[in-house]
Participant: 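Sharing a structure, written as structure tokens. Questions coming.
Computed from heavy atoms alone, side chains included, the values below leave out hydrogens, waters and symmetry copies. Small disclaimer: the values here were computed from a predicted structure and weren't measured.
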Amino acid sequence: MSEAPEDRGPDWLRLAPRTVLARVVLFAGVLAGAALPTGFALAGSRPPGQAFAWVAAGVTLALAADVVAETVRYRRTRYRVGAERGGTEGEGRVELHTGLLVVQRRSLARERIRSVDLTANPLQRVLGLVKVRIGTGERSGGESTLELDLVTRAEGERLRHELLRRATAPEDPDHDGALALLDRRWIRYAPVSFVAPALGGAAAGAVMQVSEWFGAQGEVIDWIGDRFQGVSVTWMIVDLVLLATVVGAVGALGLWVEMWWNYRLERAPGGTVRVSRGLLTARSVSLEERRLRGVELVQPLGVRMCGAARLDAVATGLAEDDGDRHGDLKTLLPAVERDIADRVAAQVLREPEPPTGAPLTAHPRAARTRRLRWALWSALLPAAVLALLGLLLTPVLLYVAAGWAVVLVPVAVLFALDAYRGLGHGVSGAYLVTRSGTVRRATVALQRSGVIGWTVKQSYFQRRAGILTLSATTAAGAGAYDILDAGESQGLVFAAEAVPDLLGPFLEPVRTPEARPTLR
């Protein structure tokens, strides 16, 4: 296992030696978790001693193979950070070489690097190791990222400081001051998020899956049935749903503690905003300020009813691979009181007043009519289908249809009215602001200079109602942000004034008493 000549020299560095131990121990944990159900499954067709002996032999062979593979990976992995020549950016590269038979060579130009994020699970923290993820700020993953798995904590901090250092970054005398610190009272918003019911359902599914592994699923179902003897099916379902909700709420509290403990949001040297958080798995995410195009204030229904909101970054270069989606790299602030979220948004954007709290222009009544119509259709159409089936099959479905209509029509109307009240758009300083949604209400403050185009959409029914949907196109965040069902003249004038010279050349006034502008 000799090194390639190009990988030799004082500039090339190795990963931390303890990386082999960390990865082997993690793999051993995975093997142990898989060995137990596998052993019980094999014990059904052969003596238990023989079954577990076979499993132990397989685990031993797999673990030995992993030790060899990780040792080879460690010895064949090198990286280096090229020096910046002449004190300017863009002269050096970050390079990573790894592999035995097929050598992979990855490199990123230093002037393209926009993020250096550090993560460490509990085992890695005990061993003093971190995974370093270097990103270039492009929307796709793969070739735009480079990972060092694993280096020492001190080496990770050194890499972050060196790679994010910008000679042109503005000096900020308050760079070491925190923009937000953990407040333990924020945990009260965890049970009202959408995570809680999802965790409750996942817990119920996990119980049934584990019982199936051990061949005891029937006993579990019988045990549940014994607990509800003499209880009607309806109340049994209600009780089980309530139990799953309580379990989900407890799980949401635990997940919140794991994700947000030791939380700190700060403006770091070199023109970056840094988020540090995590109880067991420590995360440290840096976001270069010149990539920031705005913020998104997110209010799921339960959180909004409690007067709280979450703050996300709208930035270029947040890669969209699976690891990033599960890492919540864009989240700047967990669910907190709305006024705190607005204040932090203003500080992050360096604005005197929070754009997310600016007064917004309401949308025309045609937008409300449109939402009411859709709400009634969504509630009454299933009821009509059930009623028709009741006439053809059984009268029981007629009662179901009536109950459906009585319960869901008022709920649908309330959601439609709330969705209309949530519509709004406006301009606040250097930002255009749009708000929409009811189950998930989002208020987006988007940098006006970051808008690279407008898309105007108008369906047949929107044309009849005199409304349209505008989409502000940007290279950041979701790529486009909608202003839903604005008035025709209202929306076009807003777009022309919010971003001058972008839509204006395509507008012309109509010679009518109202003089409404239209697209050419």
Side-chain angles (χ1 to χ4, degrees), residues 189 192-198 241 245 296-310 312 335 338 341 356-388 397-426 432-445 455-472 478 480-492 494-495:
Y189 301 118
V192 296
S193 68
F194 290 132
V195 174
V241 169
T245 301
E296 183 176 14
L297 200 73
V298 182
Q299 295 177 286
L301 182 60
V303 172
R304 177 160 58 93
M305 293 175 65
C306 296
R310 186 185 80 232
D312 290 350
R338 172 64 190 268
T356 52
L360 302 180
T361 302
H363 288 205
R365 292 186 177 181
R368 180 179 64 182
T369 303
R370 180 176 169 85
R371 276 150 184 77
L372 287 172
R373 185 181 297 116
W374 276 106
L376 292 175
W377 270 107
S378 63
L380 291 177
L381 184 60
V385 173
L386 289 172
L388 179 61
L397 293 179
L398 294 175
Y399 295 102
V400 175
W404 179 285
V406 169
V407 173
L408 291 186
V409 168
V411 173
V413 170
L414 288 175
F415 274 98
L417 295 176
D418 181 68
Y420 170 72
R421 286 192 296 268
L423 293 177
H425 65 275
L432 66 85
V433 186
T434 176
R435 184 182 65 206
S436 63
T438 180
V439 176
R440 181 190 182 274
R441 180 163 296 173
T443 304
V444 178
T455 302
V456 181
K457 295 175 286 188
Q458 192 175 39
S459 68
Y460 169 76
F461 296 103
Q462 285 179 311
R463 285 196 299 271
R464 292 190 57 183
I467 57 179
L468 51 76
T469 293
L470 284 166
S471 295
Y481 293 93
D482 294 334
I483 301 173
L484 300 174
D485 294 338
E488 287 182 342
S489 59
Q490 176 192 56
L492 295 176
F494 168 76

Participant: State which residues pass salt bridge (Lys or Arg N to Asp or Glu O under 4.0 Å) with Arg368; sequence neighbours excluded, sorted by chain then number.
Facilitator: none
Participant: Over all heavy atoms of both residues, which pair between Val407 and Val411 is shortest? Give the atoms and the distance, please.
Facilitator: O-CG2, 3.3 Å
Participant: Is it true that atom CZ of Phe194 has more than 12 heavy atoms of other residues, nucleotides or ligands lying nearer than 6.0 Å?
Facilitator: yes
Participant: I'd like to know if the side chain of Arg435 reaches the main chain of Gly424, judged simply by a donor and an acceptor atom lying under 3.5 Å from each other, with no hydrogens or angles considered.
Facilitator: no
Participant: Out of curiosity, Leu301 CG to Ser193 OG, how far, rounded to the nearest 0.5 Å?
Facilitator: 12.0 Å
Participant: Restricting to ring pair (Phe, Tyr, Trp, His ring centres under 6.0 Å), what partner residues turn up for Phe415, sequence neighbours left out?
Facilitator: none
Participant: Quick one: side-chain hydrogen bond (donor to acceptor under 3.5 Å, both in side chains) pairs with a partner in residues 408-419, sequence neighbours left out?
Facilitator: Arg304-Asp418, Asp418-Thr438, Asp418-Arg441
Participant: Taking only residues two or more places apart in sequence or in another chain, which ones pass salt bridge (Lys or Arg N to Asp or Glu O under 4.0 Å) with Arg373?
Facilitator: none
Participant: Could you list the residues that satisfy ring pair (Phe, Tyr, Trp, His ring centres under 6.0 Å) with His363, not counting sequence neighbours?
Facilitator: His425
Participant: Within the side chain of Gln299, is there an N or O that forms a donor-acceptor pair under 3.5 Å with the backbone of Arg310?
Facilitator: no
Participant: Let's go through Val433 and Thr443 carefully: what are the C-alpha distance in whole Å and the side-chain angles of both, what is the deciding distance for side-chain contact (heavy atoms from CB on, under 4.5 Å) to 0.1 Å, and is it a yes or a no?
Facilitator: CA-CA 7 Å; Val433 186; Thr443 304; 3.8 Å; yes
Participant: So, for Ala309 and Val303, which heavy atoms are closest and what is the spacing to 0.1 Å?
Facilitator: N-CG1, 3.8 Å
Participant: For Trp404 and Ala383, which heavy atoms make the closest approach, and how far apart are they?
Facilitator: CD1-CB, 3.8 Å
Participant: Just how far is it from atom CZ of Phe494 to atom CG of Leu432, taken to the nearest 0.5 Å?
Facilitator: 5.0 Å
Participant: Could you tell me which non-hydrogen atom of Ala401 sits nearest to which non-hydrogen atom of Ala387, and how far apart they are?
Facilitator: CB-N, 3.7 Å
Participant: Distance check, rounded to the nearest 0.5 Å: Arg365 atom CZ versus Leu372 atom CG?
Facilitator: 12.0 Å
Participant: Output yes when a side-chain donor or acceptor of Arg464 lies under 3.5 Å from a complementary backbone atom of Tyr460, and no otherwise.
Facilitator: no
Participant: Please report the closest heavy-atom contact between Leu386 and Leu397, naming both atoms and the distance.
Facilitator: O-CB, 3.6 Å
Participant: Going from CG on Leu423 to CZ on Arg370, what distance comes out if it is rounded to the nearest 0.5 angstrom?
Facilitator: 11.0 Å
Participant: How long is the gap from CD on Gln490 to OG1 on Thr361, to the nearest 0.5 Å?
Facilitator: 6.5 Å
Participant: May I ask you to test the Thr434-Asp482 pair for a side-chain heavy-atom distance under 4.5 Å?
Facilitator: no
Participant: Arg463: which residues meet the salt bridge (Lys or Arg N to Asp or Glu O under 4.0 Å) condition with it, sequence neighbours left out?
Facilitator: none
Participant: With rounding to the nearest 0.5 angstrom, report the OG1 to CG distance, Thr469 to Asp485.
Facilitator: 4.5 Å
Participant: Over all heavy atoms of both residues, which pair between Val298 and Arg440 is shortest? Give the atoms and the distance, please.
Facilitator: CG2-NH2, 3.5 Å
